[in-house]
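Structure first, then comments.
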2 protein chains.
Amino acid sequence: MEIKQPETCRSGVETSLEIIVGKWKPIILLHLLHGGTKRFGELKRLLPDITQKMLTTQLRELEEQDIITRKVYPEVPPRVEYSVTEYGRGLYGILQQMYEWGLAHLEHMAKKKS
Amino acid sequence: MEIKQPETCRSGVETSLEIIVGKWKPIILLHLLHGGTKRFGELKRLLPDITQKMLTTQLRELEEQDIITRKVYPEVPPRVEYSVTEYGRGLYGILQQMYEWGLAHLEHMAKKKS
DNA sequence: CAGCATCCCTGGAGATACTG
DNA sequence: CAGTATCTCCAGGGATGCTG
């Protein structure tokens, strides 16, 4: 980066944060990136503690940002599938770095305590 | 990364998020990374809309995570200086990626609208 | 100057019930 | 099955005043 003007960088950083932050967004993204397309009910089962309402809103927000797509099949009973867009895969690098740094940080803090 | 088990990656990602998330943490970090050591009052002036209470708590949380250091000079009137630790600079890569992706995303969404 | 203590308010998130 | 619609609650954050 080389931080020129903090205020300039700020908007970029906070835009990214807005996409990723949300109690369930990271884990939803990880599941979709890992397992590919998933139905609403599958995601619900993969995240036992999430409420339907929260799953819906988090998915809607990710969809609005073009990170995932929502495909509705006109069947009865209804079927809706979610998957990460090509564009959304651009978040992969960020998630990867956060994953790696985060694990290292957990170790760092564990060492510090002892 | 290559996402093996989403649940494994989750803790790493969310650990990183916990450090960065907080209404003022990114901008505080950017200022300290850009401008080096700063006094409490300087930061307060750089962030006109932050309350003293919030500045204090955000700084304390970053300090607890070893991201910044707090140096108190035993003078009257008191002087307290904050700076990013060597360890804390490890967040630089993440902030950089978020900055770059975020700016691109703002453009992406602007284009989409038109 | 660099805080802490207190009170207060809002919005993110949970629980529950209903529906095309 | 894949959602809405309400009601509710709590914690993050804000406003203000006091102090070593």
Side-chain angles (χ1 to χ4, degrees), chain A residues 10 13-32 35-65 67-84, chain B residues 10 13-32 35-65 67-84:
Chain A
R10 178 188 198 175
V13 171
E14 298 198 333
T15 299
S16 294
L17 278 177
E18 274 172 36
I19 309 299
I20 301 171
V21 171
K23 192 170 178 186
W24 302 93
K25 282 180 192 170
I27 186 68
I28 289 173
L29 283 174
L30 290 171
H31 272 296
L32 289 179
T37 302
K38 295 236 169 291
R39 296 182 60 166
F40 185 88
E42 289 183 273
L43 285 170
K44 180 86 185 60
R45 250 167 282 127
L46 288 167
L47 310 172
D49 291 343
I50 199 173
T51 61
Q52 281 189 331
K53 177 187 145 192
M54 279 311 295
L55 182 52
T56 302
T57 62
Q58 305 274 297
L59 288 169
R60 288 290 191 289
E61 289 174 21
L62 289 170
E63 190 193 359
E64 264 171 44
Q65 303 294 326
I67 307 303
I68 65 174
T69 54
R70 175 173 183 268
K71 182 160 188 188
V72 183
Y73 293 84
E75 308 172 353
V76 175
R79 178 158 62 108
V80 181
E81 289 183 346
Y82 295 90
S83 49
V84 177
Chain B
R10 177 188 200 176
V13 172
E14 297 198 334
T15 299
S16 294
L17 278 177
E18 275 173 34
I19 308 300
I20 300 171
V21 171
K23 192 170 177 186
W24 303 94
K25 281 179 191 170
I27 186 68
I28 289 173
L29 283 174
L30 289 172
H31 272 296
L32 290 179
T37 301
K38 295 236 170 289
R39 296 183 59 168
F40 185 88
E42 288 182 272
L43 285 170
K44 181 85 183 62
R45 250 168 283 126
L46 287 168
L47 310 172
D49 292 342
I50 199 173
T51 61
Q52 282 189 330
K53 177 186 145 191
M54 279 312 295
L55 183 51
T56 302
T57 62
Q58 305 273 298
L59 287 169
R60 288 292 191 290
E61 288 174 20
L62 290 170
E63 190 194 358
E64 264 171 44
Q65 303 293 326
I67 307 302
I68 65 174
T69 54
R70 174 173 183 269
K71 182 161 187 187
V72 184
Y73 292 84
E75 308 172 355
V76 175
R79 178 157 64 106
V80 180
E81 288 185 348
Y82 294 91
S83 48
V84 178

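Below, read A as the first sequence line, B as the second, and so on, with proteins coming before strands; counting in each chain starts at 1. Keep in mind that this is a model prediction, so the values were computed, not measured.
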Checklist entry - Hey, is B:Glu42 close enough to B:Lys44 for a salt bridge, meaning N to O under 4.0 Å? => result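 So B:Glu42 does not pair with B:Lys44 through a salt bridge.
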Checklist entry - Taking NZ, NE, NH1 and NH2 as the nitrogens, is one of them in B:Glu61 or B:Lys25 under 4.0 Å from a carboxylate oxygen of the other? => result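 Answer for the salt bridge query: yes.
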Taking [atom1] from [X] and [atom2] from [N], how many angstroms apart are they, rounded to a whole number?
X	N	atom1	atom2	result
A:Glu81	D:dC1	CD	C1'	13 Å
A:Gln52	D:dT6	CD	P	17 Å
B:Met54	C:dC7	CE	P	20 Å
B:Lys25	D:dG12	NZ	C1'	11 Å
A:Ile28	C:dA13	CD1	P	11 Å
A:Gln58	D:dG3	CD	P	14 Å
B:Glu75	C:dA2	CD	P	10 Å
B:Glu61	D:dA11	CD	C1'	12 Å

Item to check | N/O (side chain, A:Arg70) to phosphate O (OP1/OP2, D:dA2) under 4.0 Å | outcome: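 No.
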Checklist entry - Would one find a side-chain N or O of A:Trp24 under 4.0 angstrom from OP1 or OP2 of C:dG12? => result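 No.
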Next on the checklist: On DNA chain C, does the nearest nucleotide to B:Leu59 precede the nearest nucleotide to A:Lys23 from the 5' side, or the other way round? Give the residue.
Outcome noted: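 It is B:Leu59, whose closest nucleotide lies nearer the 5' terminus.
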Using the side-chain heavy atoms of [X], tell me which of these nucleotides is nearest: [options].
X	options	result
B:Thr51	D:dG14, D:dA2, C:dG14	D:dG14
B:Pro78	C:dG3, D:dG13, D:dG20	D:dG20
A:Arg79	D:dA2, D:dT4, C:dG3	D:dA2

Checklist entry - Looking for any heavy atom pair under 4.0 Å, which part of the strands does B:Tyr82 touch: base, sugar-phosphate only, or nothing? => result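 Since only primed, P, OP1 and OP2 atoms lie under 4.0 Å of B:Tyr82, the category is sugar-phosphate.
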Return the [atom1] to [atom2] distance between [X] and [Y], rounded to the nearest 0.5 Å.
X	Y	atom1	atom2	value
A:Phe40	A:Arg70	CZ	CZ	9.0 Å
A:Ile27	A:Asp49	CD1	CG	11.5 Å
A:Leu17	B:Leu17	CG	CG	7.0 Å

Checklist entry - What about B:Lys53: does its side chain form a donor-acceptor pair under 3.5 Å with the base of C:dG3? => result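 Counting by modelled atom types and ignoring angles, no donor-acceptor contact under 3.5 Å is found here.
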Item to check | Heavy-atom pair of closest approach, residues A:Thr37 and A:Ser83 | outcome: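 Here A:Thr37 and A:Ser83 meet closest at OG1-CB, 3.3 Å.
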Item to check | Residue pair A:Ile68 / A:Leu59: nearest heavy atoms and the distance that separates them | outcome: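 Residues A:Ile68 and A:Leu59, closest heavy atoms: CD1-O, 3.4 Å.
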Checklist entry - In residues 37-50 of chain B, which ones come under 4.0 Å of DNA chain D, going by heavy atoms? => result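 Here the set is empty: none.
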